[in-house]
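Hydrogens, waters and symmetry mates are skipped; everything else that's a heavy atom, side chains included, is used.
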Amino acid sequence: MLLALMLSSLVLAQDGLAQDGLAQDGLAQEEGPLAIPAQPGQPSTHAPAPPPAPRSDRPGAMSPQKLEALRRYQSERLSIQNETEFHGGGATVWTGMWWGPRWGPHTTIAIAPEPVFASRTWGFYQGPERLAVPTALRLAGDPKAEALQATIDRKRRAGRNWTALAGAGAAVGIAGIVGQLNADSRQEYASWQLVSLGGGLGVITGLVVSAGPKGEAQALERYPSRSLSPAEARAVADRHNDRLRQDLGLTPDEVWSIEQAPVPVR
């Protein structure tokens with residue numbers, strides 16, 4: 001009886017050891033091989049891969065060439081911008097001298113300040129730069145550019161001619177004053193006095209008359225409203241912008257957002 005009990009105990013012990021070994025082998029198979037830590041300075045073989053870089057040729061992406069074309073269109077297109085100009089603010093001074101019966105000469109000074117007023121205008125702009133009217137017309141290929149430039153040049157020449165007359169009058173006036181100082185007789189003095197008076201009249205006439213053509217030439221060059229209506233000016237800008245858009249290979253949709261940007265008031 002004792003011998004049977006001992007044999008049965010040995011058999012049960014061997015079965016338990018066998019089951020423990022199988023369990024350990026299954027656990028090892030489920031866990032897999034242990035990870036070996038990477039050595040310092042060496043990348044780990046189990047590190048996650050970095051995300052892929054975004055592709056520049058994905059649908060809807062803007063190429064560098066397209067961006068450069070849009071920037072060039074924005075800087076070279078013609079726009080019409082409103083302006084506010086302020087005038088006046090100076091003063092006109094008159095001086096005079098008169099002789100009193102008792103106190104001798106007296107000097108009077110009168111000062112008339114000029115009020116400041118504003119005027120609304122508009123002009124052609126290319127980017128931040130304001131363009132002269134003939135320059136804007138040439139950019140748009142408008143045939144009116146040369147005729148307008150010829151008118152401006154003609155008025156400037158007229159202004160210079162009248163200014164030259166004023167300079168000649170000043171020279172004649174100085175010669176008349178010198179002649180009066182060196183006159184030997186009353187008749188000679190009176191003659192030189194008439195020469196001096198004629199020179200003074202020439203100076204006044206030349207300066208006053210030259211201001212008209214000069215001012216007209218400056219206005220024609222600076223203000224489009226002197227030679228174009230608002231509709232004609234808009235047609236000039238649109239003609240230039242359409243040609244620029246086609247040269248750059250842009251579509252109307254691509255430039256519409258640029259043209260819809262708020263226009264500054266200068």
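By the criterion of side-chain heavy atoms lying less than 4.5 angstrom apart, applied directly or through intervening Ile, Leu, Val, Met, Phe, Trp or Tyr residues, Leu137 is grouped together with Ile80 in one hydrophobic cluster. Both Leu248 and Ile258 are members of a single hydrophobic cluster when ILVMFWY side chains are connected at heavy-atom separations under 4.5 Å. Leu244 and Leu67 end up in the same hydrophobic cluster when Ile, Leu, Val, Met, Phe, Trp and Tyr side chains are linked at under 4.5 Å. There is a path of hydrophobic side-chain contacts, each under 4.5 Å, that joins Val133 to Trp122.
Salt-bridge formation is not detected for the pair Arg245/Glu254: no Lys NZ or Arg NE/NH1/NH2 atom is positioned less than 4.0 Å from an Asp or Glu carboxylate oxygen. The pair Arg138-Glu146 meets the salt-bridge criterion, with a side-chain N (NZ, NE, NH1 or NH2) lying under 4.0 Å from an Asp/Glu carboxylate O.
Partner of Glu85 under the salt bridge (charged side-chain N to carboxylate O under 4.0 Å, His left out) criterion, chosen from Arg130, Arg120, Arg222: Arg222.
Counting all heavy atoms, side chain and backbone alike, Gly169 lies closest to Val203 at C-CG2, 3.4 Å. Summarising the geometry of Pro213 relative to Gly159, their closest heavy-atom pair is CB-N, 3.8 Å, with the distance given to 0.1 Å. Nearest heavy-atom pair across Lys155 and Ala217 is CB-CB, 4.0 Å.
Taking Ile, Leu, Val, Met, Phe, Trp and Tyr as members and joining any whose side-chain heavy atoms lie under 4.5 Å apart, directly or through other members, the hydrophobic cluster of Trp162 also contains Leu165, Val209.
A distance-only check finds no donor-acceptor pair linking the side chain of Thr205 to the backbone of Gly202 [under 3.5 Å].
A distance of 4.0 Å separates CZ of Arg156 from CD of Glu221, quoted to the nearest 0.5 Å. Atom CZ of Arg234 and atom CG of Leu78 lie 9.5 Å apart (nearest 0.5 Å). The CZ atom of Arg77 sits 5.5 Å away from the CD atom of Glu259 when rounded to the nearest 0.5 Å. Atoms CG and CD, on Asp142 and Glu232 in that order, are 8.5 Å from each other to the nearest 0.5 Å. Rounded to the nearest 0.5 angstrom, Ile152 CD1 and Gln149 CD are separated by 5.0 Å. The OH atom of Tyr189 sits 8.0 Å away from the CG atom of Leu181 when rounded to the nearest 0.5 Å.
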Query raised in the report: Going through the checks in order, is the side chain to side chain donor-acceptor pair (under 3.5 Å) test met by Glu83 and Tyr223?
Result: CA-CA 11 Å; Glu83 301 171 334; Tyr223 302 110; over 6 Å; no
Query - side-chain contact (heavy atoms from CB on, under 4.5 Å) evaluation trace for His240 with Val236 - result: CA-CA 6 Å; His240 168 75; Val236 169; 5.9 Å; no
Query - Derivation of the side chain to side chain donor-acceptor pair (under 3.5 Å) call for Gln81 and Ser79 - result: CA-CA 6 Å; Gln81 301 182 17; Ser79 63; 3.2 Å; yes
Requested in this report: Test Lys66 against Leu250 for side-chain contact (heavy atoms from CB on, under 4.5 Å), laying out the working first.
Outcome: CA-CA 8 Å; Lys66 181 71 67 176; Leu250 300 175; 3.8 Å; yes
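Two residues are said to be in side-chain contact when any heavy atoms from C-beta on lie closer than 4.5 Å; Arg243 and Asp247 meet this criterion. Using a 4.5 Å heavy-atom cutoff, the side chains of Gln180 and Ser196 are in contact. For the pair Thr163/Lys214, a side-chain contact is recorded, criterion being any heavy-atom separation below 4.5 Å from C-beta on.
Taking a 6.0 Å sphere around CD of Glu188, one finds it holds more than 12 heavy atoms contributed by other residues, nucleotides or ligands. Around atom CD of Gln260, more than 12 heavy atoms belonging to other residues, nucleotides or ligands sit under 6.0 Å away.
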